Q: 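Encoded as structure tokens, here's the structure I'll be asking about.
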Amino acid sequence: MLDKTYRPGEVEGRHYARWEADGAFACGQRPDGAPYTIVIPPPNVTGSLHMGHALNNTLQDILIRYHRMRGRDALWQPGTDHAGIATQMVVERQMEKEGLTRHDLGRDAFIERVWRWKDESGGTITGQLRRLGASCDWSRERFTMDDGLSAAVRKVFVDLYKQGLIYRDQRLVNWDPLLHTAISDLEVEQREVQGHMWYFKYPVEGRPGTFVTVGTTRPETMLGDTAVAVHPDDDRYKDLVGATCILPIQDRPIPIIADEYADPEKGTGAVKITPAHDFNDFEVGRRHDLEMVNVLDRDARMNDNVPDHYRGLDRYECRDALVKEMEGLGLLERIDDNLMMVPYGDRSGVVIEPWLTDQWFVDAATLAKPAIEAVEQGRTVFVPKHWENTYYEWMRNIQPWCISRQIWWGHQIPAWYGPDGTVFVEHTEEEAAAAAERHYGEAAVLSRDGDVLDTWFSSALWPFSTLGWPEKTAEVARYYPTDVLVTAFDIIFFWVARMMMMGLHFMGEVPFHTVYIHALVRDERGQKMSKSKGNIIDPLELIDGYGADALRFTLTAFAAQGRDVKLSAGRVEGYRNFCTKLWNAARYCEINECRPDPGFDPAACRLTLNRWIVGKVLEAGERAAKGIESYRFNEAAAALYQFTWGTFCDWHLEFARPLLQGDDAAARDETRAATAWVLDRLLALLHPIMPFITEELWEHMGEGRETPLIAASWPVLDPALIDPAAESEMDWVVRLISEVRAVRSEMNVPPSAHIPLLHRDASAETRARLDRHRDAIASLARISHVEPADDVTRGAVQVVVDEATYILPLADVIDVSAEKARLEKEIAKLDGEIARFDKKLANRGFLEKAPPEVVETERERRDEAAHARAKLDDAVERLSAAL
RNA sequence: GGGCGCGUAGCUCAGCGGGAGAGCACUACGUUGACAUCGUAGGGGUCGCUGGUUCAAUCCCAGCCGCGCCCACCA
């Protein structure tokens, strides 16, 4: 016997362990089924489950479980990401408490320590994904720094290098002065900061009293200025082009050049050029072959290229001192307030400096071309489609991708340098040595490049590296390309775009045919969850409090396309109640001995009720299937919620009660079997969204059943099981009962009072229906008996359903004038409707241009309304006559 | 500066060319043993504003107003 309420904590772990132990998540179980593959967006090993993960993985699990039930050979490929900078920071912070830096340990020992940390603590998130119910094939779990995936990284690097698509270059990069590494453009976030604009006067050589005024937001960088630029068409400066300024403080002559970069509209029209510390100036410097004077060191302190009194100062200390000095020299014209965007490192949170260094780059523009075409041609589609614009915008303006990082945790770049600096890029040290020997004609001492690769470099290979590539594995052949990638928009550039590029380049095929971009999860006020705001809702707390299924259903129900999910515990509580409802429906079935009967044939049902509910559950399943397949998860959830609560529980179980408890054995047995069959189907339909409670009920309801629900088949709609006649009849019963309930409530008839239901003008068909559903109507509308009305008794309430009028004799209970008013209100409402229909039907444009079937339904509706109105008129008349 | 999304019941949101919907909240009544984590009934909306297209617009188009987000080199 089922408990009175569902206790998720007691069943979730048990079912999950059994699924995993039985290999229910494993791919390859259905070799005849077409493969269906999703690769998980690998969470950082440092991570713990947050709401974003919960939503992301719930949706993937729904897709995987659904397609598995539909007979596909489903593979959900799991794994984690080594998260270079993030992980290194975690371990370094730990060491800080011991007073150690990574340099104290040395590279090898430090990396060993990170591995130890990973082995001990890196499994947190995969454990939490299990709590959520994620049916990943854990036997295939991968880590981006596994041997196989590392081999893939090396091969990709070497190949791209040899194809000229990876190169080493000295250029400006985003330098993080805290972490001491370059980072990519994407890892920089711009923050609005209230700053200043300083206007400095630079004396012009050989023209005493002549100055060029330049504006700058970064005064300290003037020490690295190597030119002043003006626009070639700017008349104000025409005669100064070609002249030379004396850079104050440094006393360095710098040319005044003409370049279109200078904007006459901005500032003074003259702009200082610091090629080593500004991305635009860098380009200007390259065009004019200007000297690049680097004035900062790796900590963003002033280096030896500045006067003694500034050396070693932090750039901001230097700024203050320098402005004072310029002012003392009489070369500070003025200072304006200036709102500006300042770059910050997304990991370190410190201001990023453009800094001139040697780094490795990927020629992203070349790789992007096929990736753009693939989307243009629809070989990969984004859902919702508008995200394709975001993808295009970035891909069409893509910049070289800086992939080297000056940290230790990650894939070390497979490049070795000879004594003269010649670089050898090979898969192994041995191959590099061999290459060097060929190059030099003798063995040479090589030193390996110390940098590691951007974490996203290995993530970009994830859809095929996890399948065993570059080995020619059966998995690569079978499961690549994958089907759908499920992710949030914030990593379209970081990850999706790069997988597209690498997948197309190395596999010759797109990595996935669909990219489903889901919403972000926010707090109930719509704010992004963050530690600093303290508004984080922990999915694990919700799982503990309400069960994983309630959380999953909530996320699914709110996962409408194009809108963020605003989450609160209250919402989850609502869906916990839904779990309870389902649980109790099963309890009802158990109490009434509705047991699954393998011999039951739904097509052989004789009772209208059963024919109806069989069709209904399959229709609900059809809507759910459509929702899942079109990534409208909220629609799938809504269809199932509505059916479960609004149809199965509210109506079917109530209708079934008199049959299940009645004397007609044939009717009772059929209803038992049909109800059990429908519940079984319902559990299957709900399983992808709510795997735990459905598996528990499946097991409980069908004792001795061999197949667990996770391995059962999705109930497919058989059109032969839809009976329109049954549907229209049950619809009529529902309407009749609802009408009676409504007037009873309106007339304040006590629920305990059983009253007769009289009818007039009822057709033979209606009388047959009244007879067939007598017990259900009696119990649900609290009716004592049903009979034709010979005469209207005084004090009767009347309702119209289709052709018939129903009379509830309520002498002494009702107020006749109130009843008359009620009827007249109904009539007025119908009159409004009729007038609207008439107007429409009198419109020639409508009659001529609207589709005939639309005109026809409008006519029918008009007639129905008019008919009901006439019935109500009669009712009013009878009421008056009775007075 | 460019791009995207959103403004529908008190709240959170579905719907998106032909009869305004759900959940929660609210009000009234209620235990007829699956369920009070419940049942029955009810109130509540000029579908942001203004034009246009159409026989017909909450839905399509344009403009405006108000929110939010992404990208961008503005000295």
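Fair warning: this is a prediction, and the values are worked out from it, not measured in the lab.
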Q: For B/A9 versus B/G17, give the span between their C1' atoms, rounded off to a whole number of Å.
A: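 Nearest-Å result for B/A9 against B/G17 at atom C1': 23 Å.
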Q: Side chain of A/K4: nearest nucleotide among B/A75, B/C29, B/C35?
A: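 Side chain of A/K4 sits closest to B/C35.
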Q: Tell me, please, whether A/Y546 has A/R576 positioned over its six-membered ring: NZ or CZ under 6.0 Å from the ring centre and within 45 degrees of its axis?
A: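 Here A/R576 fails the 6.0 Å and 45° test against A/Y546.
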Q: Considering only atom C1', compute the distance from B/A56 to B/G19 and round it to an integer number of Å.
A: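 13 Å, rounded to whole Å.
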Q: Between A/W387 and B/C69, is there a side-chain N or O to OP1/OP2 distance below 4.0 Å?
A: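 The answer is no; no side-chain N or O of A/W387 sits under 4.0 Å from OP1 or OP2.
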Q: According to a strict under-4.0 Å criterion, is A/K566 in side-chain N/O contact with OP1 or OP2 of B/C13?
A: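 For B/C13, OP1/OP2 do have a side-chain N/O of A/K566 under 4.0 Å.
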Q: Which part of the nucleic acid, if any, lies within reach of A/W198 when heavy atoms closer than 4.0 Å are counted: base, sugar-phosphate only, or nothing?
A: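 Here A/W198 touches no strand at all.
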Q: Does A/R576 contact B/U37 through a side-chain donor or acceptor facing the base, at a distance under 3.5 Å?
A: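 A donor-acceptor contact between them is present.
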Q: Give one of base, sugar-phosphate or nothing for A/G267, where a contact means two heavy atoms less than 4.0 Å apart.
A: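 Touches a base.
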Q: Counting heavy atoms from C-beta on, name the nucleotide in B/C73, B/A72, B/A14 closest to the side chain of A/Y261.
A: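 Out of B/C73, B/A72, B/A14, the nucleotide with an atom closest to A/Y261's side chain is B/C73.
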Q: If you check the A/A850 side chain, which of B/G18, B/A41, B/C69 turns out closest?
A: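 Within the option list, the nearest is B/G18.
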Q: Mind running side-chain contact (heavy atoms from CB on, under 4.5 Å) on A/V515 and A/F382 for me, showing each step along the way?
A: CA-CA 5 Å; A/V515 178; A/F382 282 69; 3.9 Å; yes
Q: Out of B/U37, B/C35, B/C69, which has the shortest distance to the side chain of A/N577?
A: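 So the side chain of A/N577 is nearest to B/U37.
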Q: What's the gap between B/A62 and B/A28 when it is taken at their C1' atoms, as a whole Å value?
A: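 Those two atoms are separated by 49 Å.
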Q: What interatomic distance, in whole Å, is found between C1' of B/G15 and the corresponding atom of B/U58?
A: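 Pairwise C1' distance, B/U58 against B/G15, rounds to 9 Å.
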Q: Compare the minimum distances between each of B/U12, B/G15, B/G5 and the side chain of A/E635, then state the nucleotide with the smallest one.
A: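 Of B/U12, B/G15, B/G5, B/G15 is nearest to the side chain of A/E635.
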Q: Please measure how far the P atom in B/C24 lies from the corresponding atom in B/A41, and state the result in whole Å.
A: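 Straight-line distance between the two P atoms is 14 Å.
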Q: Would you indicate which nucleotide in B/G18, B/A75, B/A72 comes nearest to any side-chain atom of A/F846?
A: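 Of B/G18, B/A75, B/A72, B/G18 is nearest to the side chain of A/F846.
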Q: What's the closest nucleotide to the A/N843 side chain, out of B/C55, B/C73, B/G15?
A: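 Per side-chain heavy atoms of A/N843, the pick is B/C55.
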Q: Reckon A/R741 touches a base, only the sugar-phosphate, or nothing at all at heavy-atom distances under 4.0 Å?
A: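 Result for A/R741 = sugar-phosphate.
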Q: Using atom C1' in both nucleotides, what's the gap between B/G66 and B/C73 to the nearest angstrom?
A: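 Straight-line distance between the two C1' atoms is 31 Å.
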Q: Please determine, for the side chain of A/T580, which listed nucleotide (B/A41, B/U37, B/A14) has the closest atom?
A: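 For A/T580, the side-chain atoms sit closest to B/U37.
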Q: Which part of the nucleic acid does A/E858 contact within heavy-atom distance under 4.0 Å: base, sugar-phosphate only, or nothing?
A: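 Here A/E858 touches the backbone only, sparing every base.
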Q: For A/E260, is the CD atom crowded, meaning more than 12 foreign heavy atoms sit under 6.0 Å from it?
A: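 Atom CD in A/E260 is not crowded, with 12 or fewer foreign heavy atoms closer than 6.0 Å.
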Q: Picking from B/C29, B/A41, B/U12, which would you name as closest to the side chain of A/S745?
A: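 Selected nucleotide: B/A41.
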Q: Does A/R861 come within less than 4.0 Å of A/E858, counting only side-chain N to carboxylate O?
A: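 The answer is yes: the pair qualifies as a salt bridge.
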Q: Given the structure, check if the side chain of A/R744 and the base of B/U40 hold any donor-acceptor pair shorter than 3.5 Å.
A: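 For A/R744, whose side chain was compared with the base of B/U40, there is no donor-acceptor pair (under 3.5 Å).
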Q: Scan A/T390 against the nucleic acid and name what it touches under 4.0 Å (heavy atoms): base, sugar-phosphate only, or nothing.
A: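 Counting heavy atoms under 4.0 Å across all strands, no contact is made by A/T390.
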Q: Within the 4.0 Å heavy-atom criterion, would you say A/G269 contacts the bases, only the backbone, or no part of the nucleic acid?
A: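 Since a base atom lies under 4.0 Å of A/G269, the category is base.
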Q: What's the closest nucleotide to the A/N584 side chain, out of B/C35, B/A75, B/C29?
A: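 Minimum distance to the A/N584 side chain belongs to B/C35.
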Q: Suppose you measure atom P in B/C11 against the same atom in B/U53; what distance do you get, rounded to whole Å?
A: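 My reading of the P atoms in B/C11 and B/U53 gives 35 Å.
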Q: Are A/K266 and B/C73 close enough that a side-chain N or O sits under 4.0 Å from OP1 or OP2?
A: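 For B/C73, OP1/OP2 do not have a side-chain N/O of A/K266 under 4.0 Å.
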Q: Using atom C1' in both nucleotides, what's the gap between B/C26 and B/G44 to the nearest angstrom?
A: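 The answer is 9 Å between these two C1' atoms.
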Q: Should A/D3 and A/R7 count as an ion pair when the cut-off is N to O under 4.0 Å?
A: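 Looking at A/R7 together with A/D3, the answer is yes, because their closest N to O distance falls below 4.0 Å.
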Q: Just checking A/R286: does its CZ atom have more than 12 heavy atoms from other residues, nucleotides or ligands closer to it than 6.0 angstrom?
A: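 Buried by this count: over 12 neighbours within 6.0 Å.
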Q: Go nucleotide by nucleotide along RNA chain B from the 5' end; which of A/C649 and A/R632 gets its closest nucleotide reached first?
A: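 This one resolves to A/R632.
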